[in-house]
J.: 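Following this message is one structure expressed as structure tokens.
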Amino acid sequence: MSIYPVQLLKRSIPVGPEDPAAMNKIVHDALGKDLWRFFDLLYTSMVLSGSMVVFLIAAFLWRRSVVNRVSLRLIFAMSVCDFIQSMVSYKNMHLKSKVQCRTAGFFVDYTTASSIYLSSSIAFNLQMVFLRKSRKPLPKYTEILYYVIPLTVALLQFTPQYIWAAKHGYCYTFDP
């Protein structure tokens, strides 16, 4: 059984450059009794990503040598992005203006893409550390590139889309 009514999946809700508060009310009314499942998943996401951040901070304070790996620091950055995304998604349910809606939408999309690109960066780091033939240590600047490149690519991916959406009166980039 689906969490959401079939009507919502078929886009029976008019989506466009309307008031975000009215849009939230329409979605809340359409979901009705199944809305608690969405909030339950959102709270679970916040708790899990927040507890990963707290765990890695505690491990760092307890014994720095345990978390003295680039891949663990990238996991920490990814967990912070997921936590921000969960918090902004929760706040997104109670928006009052178009500017707040656009800002929240940008941060949700940006932190989601950042998490994906950071996970790719983790895979690349592990490949460079364990699978390359040379056992020479990597230069220090490569760790900075593991952070800068994914965050910059995510920013370059979503900034033009949100500028276009703002010029055309949309709240999100993928509104019809």
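The structure displayed is predicted, hence computed values, not measured ones.
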J.: What's the spacing between Phe55 CZ and Trp62 CH2 if we round to 0.5 Å?
T.: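 Separation between the atoms: 9.0 Å.
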J.: Please tell me whether Ile144 and Ile122 are part of a single hydrophobic cluster in this structure, the criterion being side-chain heavy atoms less than 4.5 Å apart.
T.: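 The answer is no; the residues belong to distinct hydrophobic clusters.
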J.: Should Phe158 and Leu155 be counted in the same cluster of Ile, Leu, Val, Met, Phe, Trp and Tyr side chains packed under 4.5 Å apart?
T.: yes
J.: Will you find, in the side chains of Gln85 and Tyr110, an N or O donor that is under 3.5 Å from an N or O acceptor?
T.: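 Absent: no donor and acceptor within the cut-off.
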J.: Do you reckon Val54 sits in the same ILVMFWY cluster as Ile57, going by side-chain contacts under 4.5 Å, direct or chained?
T.: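 No, because Val54 and Ile57 fall into different hydrophobic clusters, even though each may have its own neighbours under 4.5 Å.
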J.: Search all heavy atoms of Pro150 against all heavy atoms of Leu145 and return the closest pair with its distance.
T.: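 Looking at all heavy atoms of both residues, the closest pair is CD-O, 3.7 Å.
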J.: Would Phe106 and Val88 satisfy side chain to side chain contact (heavy atoms under 4.5 Å, CB included), going step by step from the backbone distance to the final call?
T.: CA-CA 10 Å; Phe106 176 78; Val88 171; over 6 Å; no
J.: Kindly compute the distance separating OG (Ser121) from CD1 (Ile75), expressed to the nearest 0.5 Å.
T.: 11.0 Å
J.: So how far is it from Ser115 OG to Leu151 CG, rounded to the nearest 0.5 Å?
T.: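 Going from OG on Ser115 over to CG on Leu151, the span is 9.5 Å.
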J.: Testing the basics here: between Gln157 and Tyr117, what is the closest heavy-atom pair and its distance to 0.1 Å?
T.: OE1-OH, 2.6 Å
J.: So if you build clusters from Ile, Leu, Val, Met, Phe, Trp, Tyr with side-chain heavy-atom gaps below 4.5 Å, do Met128 and Leu72 land together?
T.: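 Met128 and Leu72: one cluster.
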J.: Can you measure from CZ (Phe83) to OG (Ser51) and round to the nearest 0.5 angstrom?
T.: 9.5 Å
J.: Any side-chain heavy-atom pair from Ile163 and Lys167 closer than 4.5 angstrom?
T.: yes
J.: Suppose we screen for side chain to side chain donor-acceptor pair (under 3.5 Å). Which residues come up paired with Thr103, at least two apart in sequence or across chains?
T.: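 Result, side chain to side chain donor-acceptor pair (under 3.5 Å) vs Thr103: none returned.
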J.: Nearest heavy-atom pair of Tyr146 and Leu118: which atoms, and what distance?
T.: O-CD2, 4.0 Å
J.: So, taking the atom named CZ in Phe107 and the one named SG in Cys81, what distance separates them when rounded to the nearest 0.5 Å?
T.: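 That separation rounds to 10.5 Å.
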J.: Pro139 and Thr142: which non-hydrogen atoms are nearest, and at how many Å?
T.: O-OG1, 2.6 Å
J.: Taking atom CD1 of Ile149 and atom CZ of Phe124, what is their separation to the nearest 0.5 Å?
T.: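 If we round to the nearest 0.5 Å, Ile149:CD1 and Phe124:CZ are 8.5 Å apart.
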J.: Of all the heavy-atom pairs spanning Tyr147 and Arg73, show the shortest one and how long it is.
T.: OH-CB, 2.9 Å
J.: Assigning hydrophobic clusters by single linkage (Ile, Leu, Val, Met, Phe, Trp, Tyr; side-chain heavy-atom cutoff under 4.5 Å), is Leu74 placed with Phe130?
T.: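 Yes, Leu74 and Phe130 fall within the same hydrophobic cluster.
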